[in-house]
Amino acid sequence: MKINNRRGKDKAGLIPIATTKDWKLLYFQHGRPGLEESIQSIGLCRHCELIDICAIPKPESGVWRCEYYKVLAKKKTNLYENVIKQLEKAEGIVHFDRDICKILAETMNELIVHFPVKMDDGNVKMLTGYRVQHNNSLGPFKGGLRFHPSVDIDEIRALATLMTWKSAITNIPFGGAKGGIQLDPADFSFGELEKITRRFTFALGNSIGPEYDIPAPDVNTNPQIMAWILDTYLSTVTPNERNRCIHAVTGKPIESGGSQGRDKATGQGVVFLIEIWAKDHGYNLKGASYIVQGFGNVGSWAARLMKKNGSMLIAVEDVTGAILNKDGIDPYDLADYVKEHGGVLDYPKAKPINHETFFNTKADIFIPCALENQITAETAELLNVKLVAEGANGPTDPEGDNVLQRRKIDVIPDILCNSGGVIVSYFEWLQNKRSEFWDLKEVDHKLHKMIVDAYVRVRDTAEKFKVDWRTAAQIVAVSRLEMVYKERGIFP
Ligand code: NAD
């Protein structure tokens with residue numbers, strides 16, 4: 001955290017005292033100036049514009065303790081609105097059945113659970129979790145679970161809807177769902193996270209299940225968390241049924257019934273698509289440069305797998321900061337560093353850069369693999385790349401998208417680009433149901449075929465309707481769902 005000593009007032013009359021990449025901390029004095037108790041600070045989140053006030057009590061034992069009170073939640077850029085706008089855009093071009101679009105514009109079920117968990121210090125904390133099921137006309141609800149402070153009902157609605165499109169585009173027999181808990185995992189011990197996960201799974205009860213709604217990893221969740229979910233779920237079914245329910249969750253550790261290749265699947269799918277895009281455009285990936293935002297599961301795997309094409313990673317940004325080395329960053333070495341240090345900050349073989357410089361770095365390919373709404377009108381103007389391959393869900397907002405189109409920067413849109421994860425989740429689910437175990441070669445081969453087929457469908461649709469790829473992907477997804485609704489009709 002950088003402390004700003006200039007102490008000039010900003011537009012709102014507040015005095016910036018510290019900035020991090022995510023938070024701009026400001027303080028103002030009220031009451032009787034000079035008294036430490038009366039100093040307050042405001043944290044302004046750069047991404048969601050949430051404003052928190054933190055009162056800073058007089059330190060005891062020399063440690064500043066800040067307790068945050070959420071006082072005002074300005075509406076954050078609403079991903080759900082973006083998702084619906086995108087549906088309407090496709091509808092305007094293809095003139096889909098109005099009634100079917102009405103159905104698809106709504107989520108089917110929404111569950112919000114408030115549950116208590118006893119913390120390590122003996123105190124009980126109330127937490128809020130969500131599971132939104134958007135649509136299951138193509139198969140069981142399917143979608144990840146996210147642990148993040150920004151999680152709220154609209155975010156989960158949007159992500160659940162994107163899952164429906166993803167399953168539809170890739171022709172897999174799943175619907176769309178998403179869930180999450182509003183928390184920052186960094187605030188909890190390993191044991192507390194286990195208790196939170198288990199209690200949340202219990203609270204979801206029969207709202208999830210192997211033939212009904214199947215969770216998977218997403219931001220800040222991983223195979224360990226999936227193993228806890230599975231174990232908790234299995235503890236609630238009869239002993240006789242247990243072995244028939246291993247597919248209640250995907251993205252499990254291999255030993256607990258996970259699939260080979262699931263860990264890298266989303267990043268692998270991104271790279272397969274970049275390869276086919278390069279082939280289509282007569283573009284040589286050998287020597288091409290790329291930058292990656294987010295160095296977790298998706299970003300670090302995409303970065304590592306791109307290296308196999310002889311391409312060079314030159315800049316990375318994650319929640320801790322951004323780094324650049326024009327001579328190349330070894331993604332394997334960086335992944336080891338991040339595993340040990342929790343982020344890219346202070347990586348010794350690259351120099352630190354700021355957010356704007358990261359976005360402005362000249363490279364061939366940008367792979368956003370962090371959170372939503374990162375490519376805005378402002379950052380899209382900064383980008384200096386030929387292709388954006390969206391590993392993250394919803395990384396580009398509509399204004400950012402317009403800028404990318406005007407600047408003729410190619411986009412492989414999220415619902416196609418990061419579908420490798422749900423494809424291999426489907427493989428895991430199938431293997432569990434059939435008591436089979438496929439080797440990595442088989443998983444990769446099948447993933448390649450399914451994702452490239454989806455790419456071809458999107459590319460051909462873009463050519464047919466003379467539209468951008470995001471709209472084309474949406475058209476492919478809604479066309480499949482429309483067909484199913486037309487065939488089956490609407491009950492009763
Ligand atoms: P993760 O938790 O493993 O990694 C998230 C990364 O994003 C971390 O490196 C974190 O530091 C970084 N990050 C968080 N906030 C940031 C910020 N404000 N600026 C820059 N970087 C930031 O999560 P993941 O599973 O890799 O998911 C990343 C994205 O990919 C999400 O949008 C997720 O929905 C999407 N996705 C994931 C999967 C999957 O299989 N895990 C599948 C499809 C899509």
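The basis for the numbers below is simple: all heavy atoms, side chains too, and nothing from hydrogens, waters or symmetry mates. Atoms within a ligand are numbered from 1 in the order they appear, just like the ligands themselves.
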Which segment of N297 sits under 4.0 Å of ligand 1 when only heavy atoms are counted: both

Side-chain donor or acceptor of S256 paired with backbone N/O of K252 under 3.5 Å: no

Numbered atoms and elements of ligand 1 in range of R146, under 4.0 angstrom, heavy atoms: 31 (C), 32 (O), 33 (C), 34 (O)

Subset of ligand 1 atoms that lie under 4.0 Å from at least one heavy atom of A392: 29 (C), 30 (O), 32 (O), 35 (C)

Within the 6.0 Å centroid threshold, strictly below: W277 and Y455: no

Any donor-acceptor N or O pair under 3.5 Å, side chains K264, N297: no

Test item: side-chain donor near acceptor, Q86 and Q474, under 3.5 Å: no

Nearest-option assignment for atom 27 (O) of ligand 1, heavy atoms, candidates N393, T320, V219: V219

Heteroatom distance test (D218, ligand 1): nitrogen or oxygen, under 3.5 angstrom: yes

I214 backbone acceptor or donor facing K142 side chain under 3.5 Å: yes

Residue N418 vicinity, atoms of ligand 1 by number, heavy atom under 4.0 Å: 43 (C), 44 (C)

R262: numbered ligand 1 atoms lying under 4.0 Å from its heavy atoms: 40 (O)

Atoms of ligand 1 close to N220 [distance to a heavy atom under 4.0 angstrom, numbered from 1]: 1 (P), 2 (O)

N or O contact, H148 vs ligand 1, cut-off under 3.5 Å: no

Min heavy-atom dist G391 to ligand 1 below 4.0 Å: yes

G296-ligand 1 polar pair, N/O distance under 3.5 Å: yes

Donor-acceptor side-chain pairing of D401 and T396 below 3.5 angstrom: no

Any N or O of F295 closer than 3.5 Å to N or O of ligand 1: yes

Side-chain H-bond candidate by donor/acceptor type, N78 with D154, under 3.5 Å: yes

Proximal ligand 1 atoms for G294, defined as those under 4.0 Å from one of its heavy atoms: 6 (C), 7 (O), 9 (O), 12 (C)

Pair D218-T221, side-chain donor/acceptor within less than 3.5 Å: no

Donor on one side chain, acceptor on other, Q182 and D152, under 3.5 Å: no

Numbered atoms and elements of ligand 1 in range of L371, under 4.0 angstrom, heavy atoms: 15 (N)

Proximity flag E372 to ligand 1, non-hydrogen atoms under 4.0 Å: no

Ion pair check, K178 and D213, cut-off under 4.0 Å: no

Option whose closest heavy atom lies nearest to atom 5 (C) of ligand 1, chosen from G299, C369, G394, G321: C369

